[in-house]
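Have a look at the structure below, then the notes.
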Amino acid sequence: MVKICCIGAGYVGGPTMAVIALKCPSIEVAVVDISVSRIAAWNSDQLPIYEPGLDGVVKQCRGKNLFFSTDVEKHVCEADIVFVSVNTPTKTRGLGAGKAADLTYWESAARMIADVSKSDKIVVEKSTVPVKTAEAIEKILTHNGKGIKFQILSNPEFLAEGTAIQDLFEPDRVLIGGRETPEGQKAIQALKNVYAHWVPEGRILTTNLWSAELSKLAANAFLAQRISSVNAMSALCEATGANIQQVSYAVGKDSRIGPKFLNASVGFGGSCFQKDILNLVYICECNGLPEVAEYWKQVIKINDYQKSRFVNRVVASMFNTVANKKIAILGFAFKKDTGDTRETPAIDVCKGLLGDKARLSIYDPQVTEDQIQRDLTMNKFDWDHPIHLQPMSPSTVKQVSVTWDAYESTKDAHGICILTEWDEFRTLDYQRIYDNMQKPAFVFDGRNIVAADKLREIGFIVYSIGKPLDPWLKDMPAVA
Ligand code: UDX
Ligand code: UDX
Ligand code: ADP
């Protein structure tokens with residue numbers, strides 16, 4: 001029986017290993033983590049992450065060929081294949097602060113693998129890492145490995161949160177990079193055999209190590225670039241009277257461009273896009289390619305611009321002040337069907353509104369009050385000027401309340417900001433909401449999910465990203 005161990009029971013490691021266990025009954029999969037509470041949650045009925053379909057997969061395999069444990073060393077020692085799926089945040093201090101990936105967790109995992117291994121192993125890079133990390137890890141392993149042979153593979157994960165299970169069941173592709181030596185090729189084949197249990201052969205791509213590492217950064221950069229492109233167009237649409245949804249549809253009909261990932265929004269979020277682009281920018285700078293670095297930086301700059309443009313629009317529409325006005329925030333997660341708030345645009349939008357002294361009442365069906373308070377008090381890292389900005393003062397935090405009900409959140413509010421595209425926001429009783437709000441009542445739809453015409457009939461003043469502006473909004477000062 002092949003034994004797999006995955007270090008890191010997070011958003012990537014947990015679902016990926018659960019699906020491997022489900023699809024490969026002959027393989028024993030152990031997911032290990034240093035976080036006792038995370039492992040306890042994986043072993044309970046309340047999994048630590050919300051992901052549609054995940055519960056069912058875990059229930060089918062847990063205790064059979066899928067195990068969650070804090071006994072990291074034991075499981076690493078026993079495994080034939082070790083996946084490393086630990087977090088790689090952006091460095092917050094020292095060389096490359098604000099851009100480079102922080103590989104502390106990776107390095108300590110690698111040293112531990114070298115330490116406890118008693119047999120040859122394949123070590124698989126699963127978390128996104130800077131190009132050539134595999135080479136560094138290889139050095140740590142071979143210099144500390146007491147003669148044990150390690151083969152390093154890069155097998156980046158392309159799943160998106162909210163659709164992780166579906167993405168894992170039917171991936172567009174599985175990418176495996178390895179050394180171009182006979183041993184490297186043998187290791188690639190061993191990992192290919194795992195995926196071949198359910199992924200068609202033609203979708204398993206093999207490359208050299210660095211191509212695999214770079215492909216992941218490139219794919220995320222291209223995806224983020226599409227959103228920044230469409231968001232940049234959304235600003236122009238508002239200025240000219242064009243409609244971004246019509247433009248996106250027409251543009252996406254070109255088969256060379258394609259229809260997906262062209263939804264204008266209040267900005268992209270998530271743990272990957274910004275981090276991976278920053279990482280790409282840093283790698284370009286380190287390789288003497290400032291023009292290329294500058295090109296990719298723009299993707300993030302437009303994303304920041306889109307978030308502040310949204311805040312400015314809200315404030316400008318409401319007579320240039322939101323001081324002490326209650327604003328309902330519908331949605332805090334970075335996208336629907338997840339409780340994840342990492343880099344969510346809601347953080348910057350809320351902070352912007354708080355900066356103008358608004359009172360916020362936040363509702364998200366999957367995000368807890370604790371999480372929201374943590375996110376809003378966290379230091380934001382400014383990557384061009386790596387100094388810590390001040391955290392919010394406790395008095396500002398008092399301006400924030402969190403509810404578990406959209407109607408409660410919108411009651412007596414002056415305006416509503418829709419920041420996550422949760423399906424339930426499409427079908428709220430907006431007449432009831434309108435009746436309970438201050439007038440004039442505003443809706444700022446950062447995801448283009450509500451039927452603006454119907455809301456206008458009720459009496460709302462509606463702003464939809466990238467759509468022709470209501471006469472009311474047109475009369476307000478221009479928003480840059
Ligand atoms: C992304 C990649 O899609 C995935 O392949 C990679 O493995 C990890 O990073 P994820 O961040 O989970 O996945 O979600 P994704 O669906 O890509 O959305 C990222 C952000 O872009 C979200 O904030 C989403 O709302 C936003 N988005 C997406 C848009 O604003 N418009 C779109 O058209 C699509
Ligand atoms: C383009 C658009 O494709 C077409 O829809 C529009 O109506 C007019 O402009 P055209 O300029 O004739 O058409 O040719 P196109 O095939 O788009 O190529 C434009 C340039 O891009 C060429 O120099 C081509 O060599 C280059 N190109 C294209 C690349 O460098 N790489 C590619 O992958 C594709
Ligand atoms: P991702 O979104 O990439 O999956 P997460 O932050 O959700 O990232 O998960 C990474 C996990 O890795 C965390 O649960 C963290 O506790 C775990 N981790 C980090 N370093 C180690 C380590 N040395 N050994 C075991 N687990 C680790």
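All values reported here derive from a predicted model rather than from experimental measurement. Both counts, for ligands and for their atoms, begin at 1 and track the order of listing.
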- Message: I want to check a possible cation-pi pair here: Lys23 against Tyr195, using under 6.0 Å from ring centre and within 45° of the ring axis as the test.
- Response: no
Quick one: look at [X] and ligand 1, take heavy-atom pairs under 4.0 Å, and tell me if it's side chain, backbone, both or neither.
X: Cys272; result: side chain
X: Arg447; result: side chain
X: Arg342; result: neither

Which residue and heavy atom of the protein sit nearest [atom], plus the separation:
atom: atom 17 (O) of ligand 1; answer: Phe261 CZ, 3.1 Å
atom: atom 12 (O) of ligand 1; answer: Glu161 N, 2.7 Å
atom: atom 16 (O) of ligand 1; answer: Lys335 NZ, 2.7 Å
atom: atom 19 (C) of ligand 1; answer: Phe273 CE1, 3.5 Å
atom: atom 29 (C) of ligand 1; answer: Ile227 CD1, 3.6 Å
atom: atom 4 (C) of ligand 2; answer: Arg256 NH2, 4.0 Å

- Item | Parallel, tilted or perpendicular, as decided by the 30° and 60° cut-offs, for the rings of Phe444 and Phe442 | parallel
Are [X] and [Y] within salt-bridge range, i.e. N to O under 4.0 Å?
X: Asp348; Y: Lys307; answer: yes
X: Lys336; Y: Asp423; answer: yes
X: Glu201; Y: Lys192; answer: yes
X: Glu343; Y: Lys275; answer: no
X: Glu157; Y: Lys216; answer: no

Output yes when the distance from some N or O of ligand 1 to some N or O of [X] is under 3.5 Å, and no in every other case.
X: Phe158; value: yes
X: Glu421; value: no
X: Leu159; value: yes
X: Phe334; value: yes
X: Asn263; value: yes

- Apply salt bridge (Lys or Arg N to Asp or Glu O under 4.0 Å) to Lys301 and Asp304, showing your working. CA-CA 5 Å; Lys301 287 191 175 164; Asp304 287 339; over 6 Å; no
At less than 4.0 angstrom from any non-hydrogen atom of [X], what atoms of ligand 1 do you find?
X: Leu262; answer: 33 (O)
X: Gly269; answer: 19 (C), 20 (C), 22 (C), 23 (O)
X: Ser265; answer: 29 (C), 30 (O)
X: Phe268; answer: 20 (C), 21 (O), 23 (O), 26 (C)

- Heavy-atom nearest neighbour of atom 2 (C) of ligand 1 within options Thr163, Asn220, Thr420, Asn448: Asn220
- Any sub-3.5 Å donor-acceptor pair from Arg447's side-chain atoms to Ile418's backbone N or O? no
- Item | Under 3.5 Å: donor-acceptor pair, side chain of Lys121, backbone of Cys77 | yes
- Heavy-atom nearest pair, Ile165 first then Pro15, reads CD1-CB, 4.5 Å
- Message: Below 4.0 angstrom, counting only protein heavy atoms, does anything approach atom 7 (O) of ligand 2?
- Response: no
How about [X] and [Y]: does a side-chain donor come under 3.5 Å of a side-chain acceptor?
X: Glu51; Y: Tyr11; value: no
X: Asn231; Y: Ser228; value: no
X: Ser234; Y: Arg309; value: yes

- From CA spacing to verdict: salt bridge (Lys or Arg N to Asp or Glu O under 4.0 Å), Arg426, Glu421: CA-CA 8 Å; Arg426 294 175 193 272; Glu421 72 282 22; over 6 Å; no
- Item | ring-ring contact (aromatic ring centres under 6.0 Å, His included): pairs with one or both residues in residues 82-113, sequence neighbours excluded | none
Could you pull out the N/O contacts under 3.5 angstrom between ligand 3 and the surrounding protein atoms?
unit_1	atom_1	unit_2	atom_2	d
ligand 3	2 (O)	Arg342	NH1	3.2
ligand 3	2 (O)	Arg342	NH2	3.2
ligand 3	4 (O)	Tyr11	N	3.1
ligand 3	4 (O)	Val12	N	2.9
ligand 3	7 (O)	Tyr11	N	3.1
ligand 3	7 (O)	Arg38	NH1	3.2
ligand 3	9 (O)	Arg38	NH1	3.3
ligand 3	14 (O)	Asp33	OD1	3.4
ligand 3	14 (O)	Asp33	OD2	2.6
ligand 3	14 (O)	Arg38	NH1	2.8
ligand 3	16 (O)	Asp33	OD1	2.6
ligand 3	26 (N)	Ile34	N	3.4

- Is the closest heavy atom of Lys260 to ligand 1 under 4.0 Å? no
